Amino acid sequence: MGTAQFIQNFLNGISIGSVYAIFALGYTLVFSILGIINFAHGAVFTLGAYFTYTLTVGQFGINGLLAGLTIDNHLPFYLAIIIGSTLAGLVGVLLERLAFKPLRSRGGDQLLALVSSLGVALVLVNAIQYLVGAEIYTFPAEVYGTMKPAIMFKVGEQPVVIRTVQVIIFAVCMFVLAILGFLISRTRIGKALQAVAENQATASLLGINVDRIILFTFFLSGFLGGMAGTLVGTSFGIAGPYFGVTYGLKGLAVIVLGGLGSIPGAVLGGMVIGLAEAFVPADYSAYKEAVAFAFLFIILLLRPQGLLGRPMIQKV
Amino acid sequence: MEEFLQNSGFLIVTMVQQSLLAMSLYYPLMAGQLSLASPGFYALGGYTAAIIGTHEFFTPLRESIGWLAFPLEWLVAGVLSAILALIVGIPALRLRGIYLALATIAFVEILRVLCLNLTITGGAIGIFDVPQLFESRWSYIWIFGPLLVMMLFFSYRLEKSRTGRAFQAIREDELAADSMGINPTRYKVLAFVIGAVLAGIVGAMSAPFLNTWNARQGTFDASIAYLAYVLIGGSRSIWGPLLGGAMLSALPEVLRPLKDSRLIINGLVLVFASIYMPKGIAGVISRLKRSLTWKSRKNGGEA
């Protein structure tokens with residue numbers, strides 16, 4: 001592999017890796033608070049992409065209930081992605097209220113949370129299909145304004161091509177990560193979130209409204225998921241209602257690799273898996289989809305707590 | 001009757017088949033292990049049958065033993081599943097709870113990507129024209145039915161045996177079981193292998209039943225479907241996976257008149273069932289039974 005090829009793969013890797021990171025953060029935030037995995041996160045990712053698409057493009061295909069509908073009010077993309085992700089965050093809140101809270105208050109088996117969140121995922125994905133069909137929707141190139149579609153430079157004799165979308169995705173993700181880092185470590189609500197993650201009972205004794213923190217966490221989680229969905233959508237298009245499923249599963253690999261419940265771990269895990277996928281040789285590109293799961297399997301065998309996670313304690 | 005079997009035969013056999021797959025997830029759960037690996041072994045079994053049934057390498061074998069090729073396929077699928085389950089299970093079963101579930105999800109996905117790309121598994125297209133054991137779909141009940149009865153009897157015996165009690169002890173408290181002289185790893189691997197072998201055999205029976213086999217047979221969606229069967233049916237009794245598998249696999253068919261929205265309803269059923277029936281359908285039935293006997297006893301006392 002030449003230097004140019006190396007740089008190309010590296011840049012591709014950190015761009016997709018940064019999306020994996022913010023998507024996985026949504027999983028890990030909920031896990032750190034409730035100790036469960038929200039299997040509807042992939043569906044929220046999908047939903048976020050559709051929300052933003054509706055707000056900024058608003059043109060539907062020939063299938064589903066909304067077939068042929070065209071919305072004339074187009075929001076600029078930067079507004080649409082914020083509102084779209086916020087809506088996805090609200091879906092996260094709804095999810096907590098409908099699928100998780102009733103189970104918690106009844107003291108049900110934790111495994112059931114898995115099934116009920118999957119039930120919600122099934123509802124969301126099929127509701128999308130019901131409304132807009134299983135078509136591919138693509139964002140037009142203009143969503144990012146009038147920029148060149150790609151940047152090209154040369155390393156020695158070899159060209160390296162970066163799509164503008166990739167740069168924007170990376171920049172947006174870094175920006176979101178910075179804000180999130182500030183929110184969690186520097187603000188009152190962030191500290192409350194950390195306290196609840198550490199110990200719910202103690203946190204509530206200290207006067208923290210645990211229920212509200214849980215809702216806030218689901219909002220953040222949904223917001224991040226929706227934003228990741230939109231970013232992937234602008235890069236590769238929205239490949240139908242099921243396009244979040246693969247990302248949903250890869251996100252699991254990311255959080256386990258980084259350490260379940262660890263926020264820096266989710267970022268590291270996302271980058272590692274993004275890079276590893278980018279460096280799969282072209283001859284074996286068909287096996288790219290298995291890379292994340294190979295990582296997941298191996299890390300579970302060698303270091304189940306993940307790269308940055310705390311070791312599990314066996315309690316008697 | 002003939003017409004009914006023509007129309008509903010496929011659905012009834014599918015219900016039995018799905019119940020069996022739900023059971024394959026129930027055995028590890030008996031020992032407290034949440035494994036989602038069943039679709040992987042199911043796919044492996046199906047590919048085994050499809051390859052033995054169609055590959056030219058096995059033509060002389062097929063011609064010399066005739067219909068005996070089918071039981072041979074089941075046997076090979078069972079043995080292969082057991083070997084793979086040992087290879088995957090021994091390291092993976094050191095993990096607990098959600099970690100084991102995630103490891104098995106990874107296993108299923110890796111296997112799926114492999115099957116999607118290897119030549120012997122027919123790549124993305126899969127394997128077509130798998131030889132049929134019977135002429136009609138309905139007749140497959142004669143293999144799935146006896147297997148179901150056998151497994152029910154086996155489970156009943158297992159629960160009463162030393163091994164079954166060891167499973168339950170590990171499920172309730174692994175450390176306590178360990179200190180009582182039960183080797184948790186051995187029993188956990190055993191439970192995992194039993195489930196894997198069952199899933200493999202069901203796969204080997206299903207490839208002829210479905211006529212074609214491809215990588216879509218062993219996916220994450222299937223893992224979750226089987227888990228939903230067990231949890232909604234009831235994970236504490238062998239009747240749970242049976243009821244859950246039969247009812248939930250029939251649900252999309254029952255809801256077919258609703259067309260596009262049927263999967264939405266299906267999802268809602270999962271949400272409500274997990275909230276309002278935490279012990280599953282089997283739990284609801286045993287509660288009803290208990291309250292009925294309690295009432296009749298009370299009435300008897302008054303009389």
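Since we're looking at a predicted model, the values are computed, not measured. Chain letters run A, B, ... following the sequence lines, proteins first and then strands; every chain starts at 1. Just so you know, these numbers use all the heavy atoms, side chains as well, and skip hydrogens, waters and symmetry mates.
- Side-chain contact check for A:Phe297 versus B:Val88: some heavy-atom pair is nearer than 4.5 Å.
- Here the CG atom belonging to A:Leu98 is positioned 7.5 Å from the CD1 atom belonging to B:Ile275, to the nearest 0.5 angstrom.
- To the nearest 0.5 angstrom, B:Asn117 atom CG is 4.5 Å from A:Tyr287 atom OH.
- Using a 4.5 Å cut-off between heavy atoms, A:Leu252 touches chain B through its side chain atoms alone.
- Contact detail for B:Leu102 and A:Leu300: the closest heavy-atom pair is C-CD1, 4.0 Å.
- Residues B:Val271 and A:Leu122 fail the side-chain proximity criterion, which asks for heavy atoms closer than 4.5 Å.
- Listed options B:Ala103, B:Ala92, B:Ala101, B:Ser235 were ranked by heavy-atom pairs under 4.5 angstrom with chain A; first place goes to B:Ala103.
- Other residues, nucleotides and ligands contribute more than 12 heavy atoms inside 6.0 Å of the CE atom of A:Met271.
- With a threshold of 4.5 angstrom between heavy atoms, B:Leu34 approaches chain A through side-chain atoms but not through N, CA, C or O.
- With chain A as partner, the option from B:Leu227, B:Val113, B:Leu114 having the largest number of non-hydrogen pairs under 4.5 angstrom is B:Val113.
- Interatomic distance, OG of A:Ser116 versus CG of B:Leu268, reported as 11.5 Å (0.5 Å rounding).
- Your options are A:Leu260, A:Val245, A:Ile299, A:Val256, and the one with the most heavy-atom pairs under 4.5 Å with chain B is A:Leu260.
- Within the model, atoms CD1 of B:Ile105 and CD1 of A:Ile37 stand 7.5 Å from one another, a figure rounded to the nearest 0.5 Å.
- Residue A:Glu289 holds its CD atom at 7.5 Å from CZ of B:Arg112, rounded to the nearest 0.5 Å.
- Using modelled atom types, no side-chain atom of A:Arg106 and backbone atom of B:Tyr276 make a donor-acceptor pair closer than 3.5 Å.
- Contacts of A:Leu114 with chain B are made by side-chain atoms alone, with heavy-atom separations under 4.5 Å and no backbone atom involved.
- For residues 258-270 of chain A, the set of pairs meeting the side chain to side chain donor-acceptor pair (under 3.5 Å) definition, not counting sequence neighbours, is empty.
- With respect to B:Leu270, the side chain to side chain contact (heavy atoms under 4.5 Å, CB included) criterion is satisfied by exactly one of A:Leu112, A:Val115, A:Val120: A:Val115.
- Residues A:Phe39 and B:Phe220 bring their aromatic ring centres within 6.0 Å.
- To the nearest 0.5 Å, atoms OH (B:Tyr99) and CG (A:Leu296) are separated by 11.0 Å.
- By the neighbour-count criterion of 12 heavy atoms within 6.0 Å, atom CZ of B:Phe272 is sparsely surrounded, having that number or fewer from other residues, nucleotides or ligands.
- Annotation: B:Ile125, atom CD1; neighbour count of heavy atoms from other residues, nucleotides and ligands within 6.0 Å does not exceed 12.
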